[in-house]
Amino acid sequence: MTSAHLPPTPPPLPSLTPTPGELARAQRRGGRSALVGLGLVGLVALTSPVLGYVEDVRNAREELLSRLLNQAQVQSEALGVHLGLLEAELARVAGHPALSPEDGISPAEQALLESAFYHSSLFSEGVALLTPSGERVWSDPPDMPMGRSPLTLRPWFRRLVEGRQPEIDLLEGEGGPIVVAVPMSQEGRLKGVLLGEVRAGALPTRPTAQTSLVLMDDNGQFLMPVGLKLRPGDVTGRLRALADMPGPLTLDGKHLMGAAAWVGKSELLLVVLEEETATAGLRARFLRQLAFHIALLSSTLIIFILLLRHSFRSLLAAEERLRRQETMAALGTAASLIAHEVKNALNGIQAALSVLRHTPAGSELPVGALRSQVERLSHLARSLLSFGAPRAALRRSCELHLLVQDALQGVKLLPESETVALSTSLEESLWVQGDAALLVSAIDNVLRNAVEAGAVARDTGMQPAPWVSVRLTRDDHDAVLVVEDNAGGVDPRLEPRLWEPFATGRAKGVGLGLPMARASVEAHGGSLNYVRSPLGSRFTLRLPLEVVK
């Protein structure tokens, strides 16, 4: 028996509390949210040293590259000036008209050359006079090295012969020395070549304690290597790129920073390299700062977790106390409703017995009143027993319109049914798989609710002619039972709690009928819903039809 329709002044509704499982889940969600928040705070805190380290590294690299570029430019200019002086000195002598290596070396020519270059400090390896075919005519010292291959095979010598322009390049292969060669021309005819050689150690380029120098020709051959395993095919392009864009590179497994500049008018490239040790101190400082921040955040996290755990335990204890209080309040409200319902029935029985004492034998009036109150108590007892210990469903094939008729027979015994017009329209041959007793009880609760609501509406003057309409139809694969009345509908304040146990707003009923009816219907795979109709309430009970094999 349920009470879903309200009089003008309903009693307060009992409140329901979250279950311990819901509390635990909510607290876990709160804990995760707090940890995520703390993680975001930690991430923000760690971002500061990381960004600072990145900025410091960038500044240190820019400063290092600026210094390397400046050093490369200064040393390449100094080397260019030095090689230009050597070229000018050779050109001065090569232009002397007395020199003519084509017909050999005369004593006058030898004296001229020795006076100009004998043991000259300008050319650390020596000076040589060559014929256009590359044959040595004179050299100081006489055994001055000229390389293993013929001079005519050297790219720089071929360029000199073809272009009649001075050449500055490596003599032959890796390691130098540097050769400065000046053509000797007369009336547009090449009559010889004056050549000077310079060792790397005699050049005005000196690496510092931190830097290394590489002098590279246009063919990718190296002078003054840095002690790295430089393979021209691998690094030539990268080293040349440093002339346009100084930056980091890796050679022989070492991380270096480099800058480069071209030497004067020659095809030589001077590269300045330095190991990237400038950021080592920054990296160590960053790691120390990061370790400090991590330790600080870890300790903060531990303290926060301990405080959070203590808070959670306190919250659990407080929620448990609140749950017990509200449970006791709900039990008290339910007990009050049950006692009120029992008291009303007992008062009715007592009144019927008083009338029976003064009524002639055979009168049906007090007996009907007694039967009504006993039925009222019986229905209350059944509702409480079913709510406290619901039985398992015993399913079998049932014809739904017969179950509805059974429920109607029980409702027609109610005293309220005498004042409420009841109309039915039941489609037959709608078979469902279900427990007949549970389904009859569910339908009975919905019908009883509508009939009692109509009686209340008539007694309060809200509806002088109450009626209840019961329609059973087929909707595709479902059977649909619609119970509609004109009693004004459920009070809007009760609608959100309509399906909760003990949620009632009338003096009659304890609020168990509708919750038990929905539970029974949903146990059969169906649904029970309420909507407000223009005149009152409309309850729709939907059950899946039995599949015919």
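Keep in mind that the numbers below use all heavy atoms, side chains included, and drop hydrogens, waters and symmetry copies.
Two residues are said to be in side-chain contact when any heavy atoms from C-beta on lie closer than 4.5 Å; Pro544 and Val432 fail this criterion. The shortest distance between side-chain heavy atoms of Asn486 and Pro466 falls below 4.5 Å. In this structure, the side chains of Tyr530 and Leu514 stay at 4.5 Å or more apart for every pair of heavy atoms. Annotation: side chain of Leu273 is in contact with side chain of Val214 (closest heavy-atom distance under 4.5 Å). Side chains of Val470 and Leu472 form no contact here, defined as non-hydrogen atoms less than 4.5 Å apart. Side chains of Val468 and Val483 form a contact here, defined as non-hydrogen atoms less than 4.5 Å apart. Residues Leu447 and Leu408 form a side-chain contact, since some pair of their non-hydrogen atoms from C-beta on lies under 4.5 Å apart. Side-chain atoms of Phe539 and Leu481, non-hydrogen and from C-beta on, never get closer than 4.5 Å to each other.
Residues forming a side-chain contact (heavy atoms from CB on, under 4.5 Å) with Leu69 (at least two apart in sequence, or on another chain): Gln73, Pro246, Ala259. Among residues two or more places apart in sequence or in another chain, the side chain to side chain donor-acceptor pair (under 3.5 Å) test is passed with Ser527 by none. In this view, Glu62 and Arg58 satisfy the salt bridge (Lys or Arg N to Asp or Glu O under 4.0 Å) rule, not counting sequence neighbours. Take Leu402 and apply the side-chain contact (heavy atoms from CB on, under 4.5 Å) test, not counting sequence neighbours, and it matches Glu399, Gln405. Partners of Arg240 by salt bridge (Lys or Arg N to Asp or Glu O under 4.0 Å), not counting sequence neighbours, listed by chain and number: Asp218. Applying the side-chain contact (heavy atoms from CB on, under 4.5 Å) criterion to Ser311, with sequence neighbours excluded, gives no partner residue. Evaluation of the side chain to side chain donor-acceptor pair (under 3.5 Å) rule for Ser397 yields Gln433, Glu546 as partners, not counting sequence neighbours. Looking at residues two or more places apart in sequence or on another chain, you find a side chain to side chain donor-acceptor pair (under 3.5 Å) between Glu495 and Arg532. Residues forming a salt bridge (Lys or Arg N to Asp or Glu O under 4.0 Å) with Asp475 (at least two apart in sequence, or on another chain): Arg542. For Glu427, the side-chain contact (heavy atoms from CB on, under 4.5 Å) partners are Leu430, Thr473, Arg474, not counting sequence neighbours. Under the rule for a side chain to side chain donor-acceptor pair (under 3.5 Å), Gln463 has no partner lying at least two apart in sequence or in another chain.
The shortest non-hydrogen separation linking Ser537 to Gly489 is OG-CA, 3.2 Å. The two residues Ala243 and Leu269 have their closest heavy-atom pair at CB-CD1, 4.0 Å. When all heavy atoms are compared, the tightest approach of Leu528 to Ala517 is CD2-CB, 3.8 Å. The two residues Gly247 and Leu65 make their nearest non-hydrogen contact at N-CD2, 3.6 Å. Between Asp485 and Ser533 the shortest heavy-atom distance is O-OG, 4.0 Å. The shortest non-hydrogen separation linking Met462 to Ala487 is CE-O, 4.3 Å.
Between the side chain of His524 and the main chain of Asp435, a donor-acceptor pair closer than 3.5 Å is present. The backbone N or O of Val440 sits nowhere less than 3.5 Å from a side-chain atom of Asp444 that would complete a donor-acceptor pair. Panel note: side chain Ser441, backbone Ala437; no donor-acceptor pair is recorded below 3.5 Å. Side-chain N or O atoms of Asn445 include none that pairs as donor or acceptor with a backbone N or O of Arg518 at under 3.5 Å. For Asp491 (side chain) and Arg493 (main-chain N/O), a donor-acceptor pair under 3.5 Å exists by modelled atom type. For the pair Arg458 (side chain) and Glu416 (backbone), a donor-acceptor distance under 3.5 Å is absent.
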Inset, instruction - Step by step, work out the side-chain contact (heavy atoms from CB on, under 4.5 Å) result for Val271 and Phe222. - result: CA-CA 10 Å; Val271 182; Phe222 298 114; over 6 Å; no

Legend entry - Criterion side-chain contact (heavy atoms from CB on, under 4.5 Å) on Asn529 and Trp499, from CA distance to verdict: CA-CA 10 Å; Asn529 297 304; Trp499 306 103; 5.5 Å; no

Legend entry - side-chain contact (heavy atoms from CB on, under 4.5 Å) evaluation trace for Val480 with Leu541: CA-CA 6 Å; Val480 179; Leu541 188 154; over 6 Å; no

Legend entry - Criterion side-chain contact (heavy atoms from CB on, under 4.5 Å) on Leu543 and Val521, from CA distance to verdict: CA-CA 7 Å; Leu543 287 171; Val521 172; 4.0 Å; yes

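To the nearest 0.5 angstrom, Met516 atom CE is 10.5 Å from Leu438 atom CG. In this structure, CD1 on Ile443 lies 10.5 Å from OG on Ser520, to the nearest 0.5 angstrom. We find the CG-CG distance between Leu400 and Leu426 to be 9.0 Å, quoted to the nearest 0.5 Å. To the nearest 0.5 Å, the span separating OG on Ser212 from NZ on Lys254 amounts to 8.0 Å. Note that CG of Leu68 and CD of Glu63 are 10.5 Å apart. Values are rounded to the nearest 0.5 Å. Taking CG from Leu439 and SG from Cys398, the interatomic distance works out to 6.5 Å, rounded to the nearest 0.5 Å.
Pairs engaging residues 462-472 under the salt bridge (Lys or Arg N to Asp or Glu O under 4.0 Å) rule: Arg471-Glu484 [sequence neighbours left out].
A salt bridge links Arg67 to Glu274: one of the charged nitrogens lies within less than 4.0 Å of a carboxylate oxygen.
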